[in-house]
Engineer: 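Pasting a structure here, questions to come.
Side-chain atoms are counted along with the backbone in the values below, which use heavy atoms only and exclude waters and symmetry mates. For reference, positions follow the sequence shown, starting with 1.
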Amino acid sequence: MIPICVQCGTGGNPCRCKVVGPTLGLVAFVAAGIVEWPVGALVYIFKHAKGRRIMGHPATHVYPKVSRSIPI
């Protein structure tokens with residue numbers, strides 16, 4: 001089953017709903033999380049702030065950039 005995300009009320013396109021951008025954002029978020037969360041957990045042992053920043057990267061940078069880049 002493929003997850004589908006819908007975001008309505010946006011002004012980026014005429015129909016005011018986005019489906020492709022948020023769905024691809026979720027896929028990119030999961031892919032980045034698979035790599036970055038274990039690395040962040042390992043770094044967290046030695047440097048707490050840096051480890052938290054690495055583990056938060058998919059949510060704070062990857063998902064928003066991918067979701068905003070596709071206006072449909």
Engineer: Taking all atoms of both residues into account, what is the closest heavy-atom pair of Pro64 and Pro58, and its distance?
Structural biologist: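 Shortest heavy-atom contact: CD-O, 4.4 Å.
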Engineer: With a 3.5 Å distance limit and no angle check, can you tell me whether Ser69 reaches the backbone of Val66 through a side-chain donor-acceptor pair?
Structural biologist: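 Pair found, side chain donor or acceptor close to backbone of Val66.
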Engineer: Residues in ring-ring contact (aromatic ring centres under 6.0 Å, His included) with Tyr63, at least two apart?
Structural biologist: none
Engineer: Give the table of side-chain donor-acceptor pairs shorter than 3.5 Å for residues 25-51, with sequence neighbours excluded, one pair per line with atom names and distance.
Structural biologist:
from, atom 1, to, atom 2, distance (Å)
Glu36, OE1, His57, ND1, 3.0
Glu36, OE2, His57, ND1, 3.2
Trp37, NE1, Met55, O, 2.6
His48, ND1, Tyr44, O, 3.1

